[in-house]
Amino acid sequence: HVQLVESGGGSVQPGGSLTLSCVVNGTTTSLNCMGWFRQPTGKDYEGVASLDPFHGATNYADFVKGRFTISRDSAKKTLYLRMNSLKPEDTAMYYCAADRRACSGDYWPFSWRYGYWGQGTQVTVS
């Protein structure tokens with residue numbers, strides 16, 4: 001059984017930074033793709049970034065490239081999302097997600113691709 005627990009959200013002014021964390025409880029060796037999604041109020045999920053935990057390959061949405069960085073500490077079983085130069089439009093609930101299938105260059109941004117989800121952490125930029 002896999003459980004994802006996010007933390008690190010909060011309120012920040014435009015231009016500020018936050019780092020989100022996602023602790024993975026349970027067996028991590030079966031997880032071949034990990035990612036961050038966000039859901040602005042009243043809108044659909046948006047794929048933010050993904051990470052292949054074994055090969056280190058990453059994918060980013062165009063709207064966060066150069067500002068956000070996804071990373072992993074395997075010893076701590078933790079996935080991170082470092083967010084710099086935050087904008088009001090980054091305001092959303094942020095979710096950690098994972099799946100046993102490998103990340104795909106075409107499908108990584110789609111929420112249906114991931115079988116495990118955390119409870120979310122709110123990020124507000126204003």
Side-chain angles (χ1 to χ4, degrees):
H1 181 67
V2 174
Q3 183 183 29
L4 308 179
V5 181
E6 304 100 330
S7 63
S11 296
V12 65
Q13 293 182 343
S17 298
L18 282 174
T19 298
L20 306 183
S21 300
C22 172
V23 176
V24 182
N25 295 317
T27 303
T28 60
T29 54
S30 63
L31 299 177
N32 291 293
C33 186
M34 303 189 73
W36 287 97
F37 283 77
R38 69 187 189 186
Q39 186 177 31
T41 302
K43 297 185 178 180
D44 290 334
Y45 288 105
E46 301 175 337
V48 175
S50 73
L51 171 70
D52 177 331
F54 296 102
H55 302 98
T58 58
N59 292 291
Y60 293 95
D62 287 343
F63 53 78
V64 302
K65 280 182 179 177
R67 300 189 299 125
F68 291 11
T69 302
I70 189 171
S71 63
R72 176 178 180 259
D73 184 328
S74 58
K76 296 182 178 179
K77 298 172 69 175
T78 302
L79 182 73
Y80 300 100
L81 184 69
R82 174 66 177 177
M83 305 184 295
N84 294 327
S85 302
L86 283 162
K87 305 175 182 180
E89 51 263 44
D90 294 319
T91 295
M93 184 73 79
Y94 282 72
Y95 296 90
C96 174
D99 199 80
R100 301 181 188 279
R101 294 168 290 185
C103 290
S104 163
D106 293 331
Y107 295 106
W108 75 266
F110 296 103
S111 58
W112 51 260
R113 190 69 172 75
Y114 298 78
Y116 301 100
W117 289 80
Q119 82 289 349
T121 186
Q122 178 68 37
V123 172
T124 302
V125 185
S126 64

Checklist entry - Pro53 and Arg72: which non-hydrogen atoms are nearest, and at how many Å? => result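 Scanning both residues completely, I find the closest heavy atoms to be O-NH1, 3.4 Å.
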Next on the checklist: If you compare all heavy atoms of Gln122 against all heavy atoms of Met93, which two are closest, and at what distance to 0.1 Å?
Outcome noted: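 Taking Gln122 first and Met93 second, the nearest heavy atoms are N-SD, 3.5 Å.
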Under the 3.5 angstrom rule, does the side chain of [X] hit a backbone N or O of [Y] as a donor-acceptor pair?
X: Trp36; Y: Tyr80; result: yes
X: Thr91; Y: Val125; result: yes
X: Tyr95; Y: Gly35; result: no
X: Arg67; Y: Ser85; result: yes
X: Lys77; Y: Gly26; result: yes
X: Gln39; Y: Ala92; result: no
X: Asn32; Y: Arg100; result: yes
X: Glu6; Y: Cys96; result: yes

Just how far is it from atom [atom1] of [X] to atom [atom2] of [Y], taken to the nearest 0.5 Å?
X: Leu81; Y: Thr19; atom1: CG; atom2: OG1; result: 8.0 Å
X: Cys103; Y: Asp52; atom1: SG; atom2: CG; result: 5.5 Å
X: Leu51; Y: Leu31; atom1: CG; atom2: CG; result: 11.5 Å
X: Asp99; Y: Met34; atom1: CG; atom2: CE; result: 11.0 Å

Checklist entry - Does the side chain of Asp73 come under 3.5 Å of the side chain of Thr78 through a donor N or O and an acceptor N or O? => result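 No - no donor-acceptor pair under 3.5 Å links their side chains.
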Are any of the side-chain heavy atoms of [X] and [Y] separated by less than 4.5 Å?
X: Cys33; Y: Arg101; answer: no
X: Ser50; Y: Tyr107; answer: no
X: Pro88; Y: Pro14; answer: yes
X: Leu79; Y: Val24; answer: no
X: Tyr60; Y: Ile70; answer: yes
X: Val123; Y: Met83; answer: yes
X: Phe68; Y: Leu86; answer: yes
X: Tyr45; Y: Trp117; answer: yes

Item to check | Within one Ile-Leu-Val-Met-Phe-Trp-Tyr cluster: Val64 and Phe110, side-chain cutoff 4.5 Å | outcome: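 Different clusters.
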Item to check | Qualifying residue for ring pair (Phe, Tyr, Trp, His ring centres under 6.0 Å) with Phe37, from Trp108, Tyr94, Tyr116, Tyr114 | outcome: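 Considering Trp108, Tyr94, Tyr116, Tyr114, a ring pair (Phe, Tyr, Trp, His ring centres under 6.0 Å) with Phe37 is found only for Tyr114.
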Next on the checklist: Surrounding CD of Glu89 (heavy atoms of other residues, nucleotides or ligands, distance under 6.0 Å), is the total greater than 12?
Outcome noted: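 Above 12, so yes.
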Item to check | Carboxylate-amine/guanidinium contact Lys87 Asp90, below 4.0 Å | outcome: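 Result for this pair is no, no salt bridge flagged.
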